[in-house]
Protein chains: 2
Amino acid sequence: MSARRLPTLEDVAAKAGVSRATASRVVNADPRVRGESRRAVEAAIRELGYRPNRAARSLVRPDAASIAVVIPEAEERVFTDPFFSATLGAIYTKLSDSPVQVLLAVAPPGEREKIERYLRGGYTDGAIVVSHHRDDGISDVLLETRLPAVYIGRPYAGDVGLPFVDVDNEAGGRIAAEHLLSLGRRRIGTITGPLDMASGADRLMGWRQALEEAGLAADLVEHGDYTAASGAEGVKRLLAREPGMDALFVASDLMAISALHELQARGVRIPEDMAVVGFDDSQMAKLTRPPLTTILSTATGLAETAVEMLTALLRGDPVDPVVLPTELIRRGSA
Amino acid sequence: MSARRLPTLEDVAAKAGVSRATASRVVNADPRVRGESRRAVEAAIRELGYRPNRAARSLVRPDAASIAVVIPEAEERVFTDPFFSATLGAIYTKLSDSPVQVLLAVAPPGEREKIERYLRGGYTDGAIVVSHHRDDGISDVLLETRLPAVYIGRPYAGDVGLPFVDVDNEAGGRIAAEHLLSLGRRRIGTITGPLDMASGADRLMGWRQALEEAGLAADLVEHGDYTAASGAEGVKRLLAREPGMDALFVASDLMAISALHELQARGVRIPEDMAVVGFDDSQMAKLTRPPLTTILSTATGLAETAVEMLTALLRGDPVDPVVLPTELIRRGSA
DNA sequence: CTGTTAGCGCTTTCAG
DNA sequence: CTGAAAGCGCTAACAG
């Protein structure tokens, strides 16, 4: 970047009139260095504005591991969707008093090779993959490079063998639908997540099964992509198709809240006219009016488990997939 | 971490029956390597699960710069406060198609040395300091190591010389107070930010001056710390002291929204009984009922400017502090 | 307490 | 097209 060469330990040593080894010792707070030379070195460091070269150092003394949090989504989504914020926060927090460095590898679907280059580039010792899509190619790279990694969210079928932690998405979808059914609702729609993600497909599956077992048509399906915008759009399309819809299962809180706003803007009363169940139990779910009934799936729990699994992997221990239980969090919207 | 030694280029070369140089060339996609040996090397890489050692590589070929985003706050705040999310998002996005790596250095007030060690450790080529407090010691380290850095938010007086980008906080406080005054309000309180941050002190100052110029007592002051909790608490204390308060300037949207909820929970009508002005114009400000009147100060704009400044610094160009203008965004709450 | 001496794993002239 | 050799900046024995 800057044109001028940065000062090296050699420079410091020369200026202080000592050997490189001695200079290195004071930089590393080795107590053996005597007052005389120690002061000289410290002065030289200050005057030169010396900072150790990390690459050189870690070449010889393998330093703190670094792990990458890989998110194959657009940057704006990552820092906007509370699920990702909560996940990142939990990962950072869990790792905050260990020396491991957390790196973020975010790239939208169109720039797959960016993440691939990253994973192959030796930038990290391990990875946590957060929002895996069927064709993002990440698992191929992981398998090939043998980079220790764990998925948050079950990788799409076929990626077997890669460890993951997930919530029981199918059960969640089922629980939501059964709750709506138990309320006496009969025209129950759903706004799904992306179907190229296991979570999206599984939540839909659970919802569908519950409806079919109740002898109802599982036809009121619109596809969303976990963004707020897709929640509002989904509900519009659903209402256009079936004005008589009286209940709605939305596959994420973010979409559900957006759907809620859209519904209320049209004068639909919640839960009287329309019962709504979300998914995630995010912070925001408590704050809507009425507060959102939702399916528990804590980003924090998933993230912490993922960190524990990856840590085990880095230690060389084998790990098994973990599926966390889920449950209905009943609030005012259904 | 893992006990077994990772495969090196040497191993790959040996297995492929070529020299290290040739192996290196295929790793780096050098077109000169012929079909024969290229295939052998590629196979060896695959079989061994070889990943280049980044430290060794960057030692010889200085690689992409990395910059640190330094936030001297507790992890949970960083991933919870929309200001930080927006800031991080803007920094990542702005840098997403450049090769520079963004590192996050977060540490709560009590663990100052963590950040210091980080800055001194040669982990990065530059830094963006986001939530600077008077005594966090960051500027000393920056000055001493000569690490190129820019502050988002003016560093506290005395740190002169370090480049920063900020919004005109004092003007913002003044504009808020003057707006409340123009509405005919006369008992105007404020919930401040932390006073060891320039933004906190300056917003208070602007508010105070406007009140005093209007001949009113600027006594209804409670101190917050930009967290949601402190917004609710501030309003409670204010109301306890002065039940007749009819307007409120809150130094951040997050605190303001929390104050709003507290007020509404007590049956106070907004804006009839109490006019409320926030600060930030965050996304959430549009979503409350009534929507929040606030002072424009986009995290995105600040972050993008900071990146531009730091980029210039890394190029060796000098930069001057930048102060972005502010304005009243009038919505329903005042 | 301090200096000398080997490398760490990789890229890159320079020869061939 | 490929190999040999030098060296990036630093740390860690190993002497002294």
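Quick caveat, the model's predicted, so the values are computed rather than measured. Every heavy atom of this structure was used, including side-chain atoms; hydrogens, water molecules and symmetry mates were not.
Nucleotide D:dG3 holds its C1' atom 14 Å from the CG atom of B:L9, rounded to whole Å. Distance CZ (A:R51) to P (D:dC10): 12 Å, rounded to an integer number of Å. The separation between A:L48 atom CG and D:dG9 atom C1' is 15 Å, rounded to whole Å. Whole-Å rounding puts the A:E10 CD to D:dC8 P distance at 9 Å. Here D:dC8 presents its P atom at 13 Å from CG of A:L59, a figure rounded to the nearest Å.
Rotation axes derived from the C1' atoms of the five outermost pairs at either end of the helix from C:dC1-D:dG16 to C:dG16-D:dC1 lie 30° apart, to the nearest 10°.
Not counting sequence neighbours, the partners of A:A56 by the side chain to side chain contact (heavy atoms under 4.5 Å, CB included) test are A:N53, B:L59. Under the side chain to side chain donor-acceptor pair (under 3.5 Å) criterion, A:T87 pairs with no residue, sequence neighbours left out. Every residue meeting the side chain to side chain contact (heavy atoms under 4.5 Å, CB included) condition with A:Q101, not counting sequence neighbours, appears here in chain and number order: A:S66, A:L103, B:L103, B:Y118. For the side chain to side chain contact (heavy atoms under 4.5 Å, CB included) test, no residue two or more places apart in sequence or in another chain qualifies with A:T80. When the ring pair (Phe, Tyr, Trp, His ring centres under 6.0 Å) test is applied to B:Y50, no partner is found at least two apart in sequence or on another chain. With sequence neighbours excluded, the residues forming a ring pair (Phe, Tyr, Trp, His ring centres under 6.0 Å) with B:F79 are A:Y92, listed by chain and number. Judged as a side chain to side chain donor-acceptor pair (under 3.5 Å), and not counting sequence neighbours, the contacts of B:E10 are B:R20. In this structure A:E308 satisfies the side chain to side chain contact (heavy atoms under 4.5 Å, CB included) test together with A:K94, sequence neighbours excluded.
The phosphate of D:dT2 has OP1 or OP2 within less than 4.0 Å of a side-chain N or O from B:S37.
Electrostatic pairing of A:E42 and A:R46 does not count as a salt bridge here, judged by no charged N lying under 4.0 Å from a carboxylate O.
Sorted by first and then second residue, the side-chain hydrogen bond (donor to acceptor under 3.5 Å, both in side chains) pairs with a member in residues 67-78 of chain B read B:E73-B:R77, B:E73-B:S131, B:E73-B:H133, B:R77-B:D81; sequence neighbours excluded.
Once you apply a 4.0 Å limit to the heavy atoms of chain B, the touched nucleotides of DNA chain C run 5' to 3' over C:dG9 to C:dT13.
Put simply, the side chain of A:R112 gets close to the backbone of A:D135: a donor and an acceptor are under 3.5 Å apart.
For DNA chain D, the residues of residues 16-33 of chain B within the heavy-atom distance limit of 4.0 Å (strictly under) are B:V18, B:S19, B:R20, B:A21, B:T22, B:R25, B:R32, B:V33, sorted by number.
Residue A:S58 is classed as having no contact, given no heavy-atom separation below 4.0 Å to the nucleic acid.
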